[in-house]
Amino acid sequence: MVHTNTASECPKEMIALKMAQTEKLLPGNQNSVSMDSSSVDMKQLSTHAGSKGRTQHRQTSKPSKRENICSIGSSSSDAPTAVKKRVVPTFHRKASGLKEKTKNKPEKLSQMSIEQVMGTTHRVSGALVQAAKTVTSMSPSELAKLQEIISESSEMLMMLTYTDGSTQLREPNEPRKRASASLHEEGVANSVLVAIQRKAAKKEYMFVSFPLAGLGKENASEATRNVLLEILQSSTRKVCFDAQELMHAIIINYSLDPQSGCNKWVIMDPKIACWLLDPDNPPVTFSGMLKTFVTGKYNDQAPNNHLTHLELLGLVMGDLTNKLQRKNLWELFINLEVPLIPILAGMEVQGIQVNQKMLISYSNILKDEIKDVEKQCYKEAGHPFQITSHIQLRQVLFVELKLDEQCPGQKLARTNVQNLKSTSETVLHKLIDLHPLPELVLTHRQLVKLKSTYLDGLSDYVSGGYIHTSWDQTSAASGRLQSSNPNIQNIPKQPLQLHKDANGSVVNETTASSTTPATTLWMREPFYSHDGWSFFAADFQSIELRILAHLSQDAVLLKVFNDAGSTDIFVQLTCEWLGLNLDDVKTADRERTKRIVYSVIYGVGAERLAETLNDTKENAKAFTKSFLVKFKGVNTFAQRCISECQRHGHVKTIFHRHRLISNISSQNFHVRSHAERQAVNFVIQGSAADICKLAMIHIMKVLSEKNTVRARLLVQIHDELLFEVHDEDINEVKGILKTVMESTPTLGESICQLKVPLPVSLSYGKTWGHLKQMV
DNA sequence: CTAGCGTCA
DNA sequence: TACTTGACGCTAG
């Protein structure tokens, strides 16, 4: 506990707390405990700011107890939750310093604010001893007093500390050696520190600590947990830099249900606020974020301790709050992004069950296939070479076999930077009739990609039968969520068909006759639900196209989407273009149509469109023209976005999410065109992201209120939510998901009343490999 | 065309 | 040896 004035002003209870022994709280971090041993100034805090190349990963704990963690609704559950390998964004490789300099930085804090910061911290540091009181060592009466203080508090500033002495607000002094070497030693969440600002005296703090690391059953007493929950559930304004990480650590260490109670936790996160203000340059670390606010102001002699950092956190959040309000982003922040934080933390802890044996057996199948293809490649090339090496492949294809000289009239693509002859998929496709090698290489690539990324790569992340992916809220400029370690949003949907031809060698689908025996592998097959539960997917149908219809008010698009009972637009267009019957449209064809439509909308060039259409450049041009004539509103909408961007320097989504696009007025045609496409795309993709997030929040709210329904959210793939639902509750959940998600546009008050319906399609099954469509 | 992440050389 | 970069390919729209 710390108070900023004289001891005489303190209530008796607080004095008692102050006297308590606290050394064990901050192991290996004496500097931050008291002033006399701390000569570290703010400069040090800031040196970590844009330090790049910090690729180390940090884990929150921990082995031990995993029962009870994931019970949903009812108390019983058959789903264990595995240990979470959480890669914390704070230490991520994204080099903030590199990225930041290309864009405008937010305005500096006013001079006033800086004086306030420095003045305040100095005064705080002048207090006798600054150390937090450990909650587990408090007596019942002290706890009661603490609860009273919480209920009367005006603000609570929170952060995680780690066992190496670093915190969420101060990165470690020594760069870590290696992530794998330090996995169990360093970077484990150690405690939650909370500075509770008392209403009575503005600059008086109750400074308490909740242990996390090595939390035994006896320490995690009911009382301690309840106080922490009281803090999290209180209506007092709370602030934390990277609140998702904080919640994640709390859910795990206190064995909380990851998806019901915590959905109500509200913590302001300056990291997210900064990202909303400039989504292309999200802050990575707290000190990095400070740099964008108060550049060059760290020369002052300022103390470097936990409470100082927390005070700074509060001040920065206050400043960001004003900025968000001025930019009309506060509603987005408080109604969309902040409520999403506990949902993401819950998804991380929840994890998804994976059959590792299946991953390994698939991998072995592919290993043999790859060997076969390799042998054939060597035969066709006349000698062995490294097929995965573009340099060696270039040598074989263009120097030894001279295939490029055999395709007259065709301009073969070059690589972007070095302008070398490309060995990309489209180029190899053009060479397919000239020689057997290109197709073999394509097959080889496909197999190697699937094996290394989606089988072996995923297998590395399986822990206790689960994969716990990281969800990142602030890394996509469009407002979309991002998953990583592993990325669970790009696991192939289409199955891989393996055939054996007459020679017994492997070929892929395109060349094999349909009568040859086939092995079919779905990369999503190894993801499976628990006994008695099923996966349940709900996705918005063609959401971006519908948003385009709404925003552009294109008459044809509006009609297509408002005609009751009309079939899927991509199926319709596929029929139209290929002259098929509705029932004859294959999913792969529909997928192709979808790609083409979005490409054209977002301004694909004739050359590249010709490649996807497998047609001439002229025909591609004609196609684009006829498409844009059919949907006249698309072009006028695009021009509107571009001129809005030129006027304001940014574009906005329907929920006011904005993106600064400075190149919109570039003199360089190429650069400017790129910026124009970004502007148009952001408005639509960002608006879709807004609606998907709103749907996610709404559905989780409804599900947690209906505590009889057993359903948990596992994955979000942009327009799709993947749940795991108890078999007995499937019908009920089906109804809830459909009505709640489809009513999403009515929630955003009047701002997202769409001129088109937003239908949701549902599917379910025991594995993610092939889900059955529901009527 | 846009938005991402992971793998390999 | 460790780390970065470019090329490629998978997802979503």
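What's counted below: heavy atoms across the whole structure, side chains too, no hydrogens, waters or symmetry copies. Below, read A as the first sequence line, B as the second, and so on, with proteins coming before strands; counting in each chain starts at 1. Keep in mind that this is a model prediction, so the values were computed, not measured.
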Taking CG from Leu758(A) and C1' from dG13(C), how many angstroms apart are they, rounded to a whole number? 13 Å
For the side chain of Gln386(A), starting at C-beta, report the closest nucleotide among dC8(C), dA9(B), dT2(B). dA9(B)
Determine: side-chain N/O of Ser422(A) to OP1/OP2 of dC8(C), distance under 4.0 Å, yes or no. yes
Under 3.5 Å, is there a donor-acceptor pair linking the side chains of Thr574(A) and Asp589(A)? no
Lys451(A) NZ - dC10(C) P separation (whole Å): 16 Å
Return the nearest nucleotide to the side chain of Glu425(A); candidates are dC8(B), dG9(C), dT2(B). dG9(C)
Any side-chain N or O of Thr415(A) less than 4.0 Å from the OP1 or OP2 oxygen of dA7(C)? yes
Asn487(A) (side chain) and dC5(B) (base): donor-acceptor pair under 3.5 Å: no
Under a 4.5 Å cut-off applied to non-hydrogen side-chain atoms, are His444(A) and Leu440(A) in contact? no
Counting only N and O atoms by type, is there a donor-acceptor contact under 3.5 Å from the side chain of Arg546(A) to the main-chain atoms of Pro757(A)? yes
Would you mind classifying the nucleic acid contact of Ile491(A) as base, sugar-phosphate or nothing, using non-hydrogen atoms under 4.0 angstrom? sugar-phosphate
Is the shortest side-chain N/O distance from Thr388(A) to OP1 or OP2 of dA9(B) below 4.0 Å? yes
Out of dG6(B), dT2(B), dA9(B), whichever nucleotide has its closest atom nearest the side chain of Lys449(A): dG6(B)
If you compare every side-chain N and O of His674(A) against the phosphate oxygens of dT2(B) (OP1, OP2), does one of them come in below 4.0 Å? yes
Of the listed nucleotides (dA12(C), dC10(C), dC1(B)), which one gets closest to any side-chain atom of Gln446(A)? dC10(C)
Interatomic distance, Glu544(A) CD vs dA3(B) C1' [rounded to whole Å]: 9 Å
I'd like to know if the side chain of Tyr602(A) pairs up with that of Gln685(A) as donor and acceptor (distance under 3.5 Å, no hydrogens or angles considered). no
Length of the NZ-C1' vector between Lys493(A) and dG13(C), whole Å: 11 Å
Just so I know, are the side chains of Leu496(A) and Leu447(A) near enough to count as touching, which here means a heavy-atom distance under 4.5 Å? yes
Choosing from dT11(C), dG13(C), dA12(C), which nucleotide comes nearest the side chain of Tyr602(A)? dG13(C)
What does Arg445(A) touch in the nucleic acid at a heavy-atom separation under 4.0 angstrom: a base, only the sugar-phosphate, or nothing? sugar-phosphate
Are any of Ser452(A)'s side-chain N or O atoms less than 4.0 Å away from OP1 or OP2 of dG6(B)? no
Euclidean distance, atom CD1 of residue Ile684(A) to atom P of dA12(C) [Å, nearest integer]: 19 Å
Ala477(A), nearest nucleotide to its side chain (from dA9(B), dC8(C), dG4(B)): dG4(B)
When we call it a touch if two heavy atoms are under 4.0 Å apart, what does Glu720(A) touch: a base, just sugar-phosphate, or nothing? nothing
Nearest to side-chain heavy atoms of Ser475(A), which nucleotide of dC5(B), dC10(C), dC8(C): dC5(B)
Side-chain donor/acceptor of Thr469(A) to backbone N/O of Ser484(A), under 3.5 Å: yes
Which nucleotide sits closest to the side chain of Lys594(A): dT7(B), dG13(C), dC1(B)? dG13(C)
Nucleotide nearest Gln678(A) when distance is taken to its side chain, options dC10(C), dC5(B), dA3(B): dA3(B)
Atom-pair distance (OH on Tyr454(A); C1' on dG6(B)), nearest Å: 7 Å
Classify the nucleic acid contact of Arg524(A) as base, sugar-phosphate or nothing, counting any heavy atom under 4.0 Å across all strands shown. sugar-phosphate
Which of the following nucleotides, dA3(B), dC1(B), dA7(C), is nearest to the side chain of Asn416(A)? dA7(C)
Between atom CD in Gln494(A) and atom P in dA12(C), what is the gap in whole Å? 9 Å
Base, sugar-phosphate or nothing for Gln685(A)? Non-hydrogen atoms, less than 4.0 Å. base
Categorize Arg480(A) for me: base, sugar-phosphate, or nothing, with a 4.0 angstrom heavy-atom threshold over every strand shown. base
Applying side chain to side chain donor-acceptor pair (under 3.5 Å), which residue pairs with at least one partner in residues 613-625 of chain A are found, sequence neighbours left out? Asp615(A)-Asn619(A), Thr616(A)-Asn619(A)
Rounded to whole Å, the CH2-C1' distance (Trp768(A) to dT11(C)) equals 10 Å
For a quick check of understanding: with a heavy-atom distance under 4.0 Å over all strands, which category does Gly605(A) fall into, base, sugar-phosphate or nothing? sugar-phosphate
